[in-house]
Amino acid sequence: MAHTVHTHPERPAPRLLADHIALDLINTVELLDGAPLDRLQSDADVAHWLLATGMAERTPAVLPPGLLDATRRLREVVRAAVQQRKAGKAVDFSALNRLLARGISHLELHNMPKGAVEVRRRYNHEAADGLLGPVAEAAAELLASGDFSMVRKCESEDCSLWFYDRTRSHRRRWCSMALCGNRHKVAAFRKRNEVDQS
């Protein structure tokens, strides 16, 4: 049975810290006080995440059945592939290829100002795999052409978040300075103070 989209003002904004949508998808599960927290608990959560990430311009008034399960399947396939690729191992792409094959889409032409013509890809939003098509394609692009020396996990032992280091110096260490970076600085400061006072 399909579900109607409802807005929830208490729904936390998704963490979009990774600088790549495929890694942001993986990061929808994170460690909180040492236990995994899945930020995607309903089809509406997925719809909210797709809108927040820009992977959907709109979501259908009625969400396709199985959207949450399809998203979680895609997330785990992408997580395994990213981990294998990061470790320099051969990746079995069969599961991702099956998901990509179900992401039904087509091209549309649109008239633009000054006589220009634009081609846009449209996805079948009536099926969960169609709605997730842009995310699966972004994951495929990362796996095929991403620089995996720049794909990293946060250096905090208490964090499970991944990111694509697009900084100029390529020395990014934390998922976010506001989260783990500042915690590390505070802990290092306290440790220095303890040493100085002893």
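For the numbers below, each heavy atom of this structure counts, side chains included, while hydrogens, waters and symmetry mates do not.
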Contacts of T53 meeting side-chain hydrogen bond (donor to acceptor under 3.5 Å, both in side chains) (sequence neighbours excluded), chain-then-number -> none
Just to verify, what does E108 make a side-chain contact (heavy atoms from CB on, under 4.5 Å) with, not counting sequence neighbours? H106, H110, R122
Rounded distance [0.5 Å steps], CG in L74 versus CZ in R102: 10.0 Å
Rounded to the nearest 0.5 Å, what's the gap from CG on L161 to CZ on R15? Could you check? 7.0 Å
Sequence-distant partners of E76, side-chain contact (heavy atoms from CB on, under 4.5 Å), two or more places apart: R79
Assess whether side chain to side chain contact (heavy atoms under 4.5 Å, CB included) is satisfied between L142 and V82, documenting all intermediate values. CA-CA 9 Å; L142 173 68; V82 165; 4.2 Å; yes
L51 and V135: same hydrophobic cluster, using ILVMFWY side-chain contacts below 4.5 Å? no
Without hydrogens or angle criteria, can the side chains of S156 and D158 be said to hold a donor-acceptor pair below 3.5 Å? no
Yes or no on salt bridge (Lys or Arg N to Asp or Glu O under 4.0 Å) for D165 and R171, after CA distance, side-chain angles and deciding distance? CA-CA 7 Å; D165 184 0; R171 292 185 178 169; over 6 Å; no
S105-R121 side chain donor-acceptor pair, cut-off 3.5 Å: yes
Looking only at atom types and distance, does a side-chain atom of D24 sit under 3.5 Å from a main-chain N or O of A18, one as donor and one as acceptor? yes
Can you check whether W49 reaches T71 side chain to side chain, under 4.5 Å on heavy atoms? no
Could you tell me whether E155 atom CD has more than 12 heavy atoms of other residues or ligands within 6.0 Å of it? yes
Counting neighbours of CD on E118 that are heavy atoms of other residues, nucleotides or ligands and sit closer than 6.0 Å, is the number greater than 12? yes
Evaluate the side chain to side chain contact (heavy atoms under 4.5 Å, CB included) criterion for residues N124 and D129: first the C-alpha distance (whole Å), next the side-chain angles of each, then the deciding distance (0.1 Å), finally the verdict. CA-CA 8 Å; N124 175 8; D129 292 322; over 6 Å; no
With rounding to the nearest 0.5 angstrom, report the SG to CZ distance, C154 to R173. 9.5 Å
Thinking salt bridges, do D38 and R75 make one under a 4.0 Å N-O criterion? yes
Co-membership, hydrophobic cluster, residues L37 and V46, 4.5 Å side-chain: no
Under 3.5 Å, is there a donor-acceptor pair between the side chain of K86 and the main chain of V151? yes
Specify the closest pair of heavy atoms between A139 and V78, including all atoms of both residues, with the distance to one decimal. CB-CG2, 3.7 Å
Taking every heavy atom of R85 against every heavy atom of A144, the minimum-distance pair comes out as NH2-O, 4.2 Å
Cation-pi geometry met for R172 and F163 (6.0 Å, 45°): yes
If you define the side chain from C-beta out and look only at heavy atoms, does anything of L23 sit under 4.5 Å from L17? no
Atom NE2 in H20, atom CG in L25: separation rounded to 0.5 Å? 11.0 Å
Answer with yes or no whether the hydrophobic clustering places F148 together with V77; edges join I, L, V, M, F, W, Y residues whose side-chain heavy atoms lie under 4.5 Å apart. yes
How far apart are the closest heavy atoms of V29 and P36, and which atoms are they? CG1-CB, 4.1 Å
Search all heavy atoms of C175 against all heavy atoms of C180 and return the closest pair with its distance. SG-SG, 3.7 Å
Is there side-chain contact between P64 and L131, with at least one heavy-atom pair below 4.5 Å? yes
Donor-acceptor pair, side chain of Y164 and main chain of D147, under 3.5 angstrom: yes
Would a hydrophobic clustering, with Ile, Leu, Val, Met, Phe, Trp and Tyr connected at side-chain separations under 4.5 Å, put L109 with L107? yes
Side chain to side chain, R39 and E30, heavy atoms closer than 4.5 Å: yes
Would you call N27 and L16 a side-chain contact if the rule is heavy atoms closer than 4.5 Å? no
Is any side-chain heavy atom of F93 less than 4.5 Å from a side-chain heavy atom of L100? no
So, do R58 and H125 sit near enough that their side-chain heavy atoms are less than 4.5 Å apart? yes
Please determine whether side chain to side chain contact (heavy atoms under 4.5 Å, CB included) holds for the pair W174 and R152, giving the CA-CA distance in whole Å, both sets of side-chain angles, and the decisive distance to 0.1 Å. CA-CA 9 Å; W174 315 108; R152 301 184 182 137; over 6 Å; no
Y123 vs I104, side chain to side chain contact (heavy atoms under 4.5 Å, CB included): CA-CA, chis, key distance, verdict: CA-CA 6 Å; Y123 295 87; I104 303 163; over 6 Å; no
Quick check: does any side chain N or O of R72 sit under 3.5 Å from a backbone N or O of L40, one acting as donor and the other as acceptor? yes
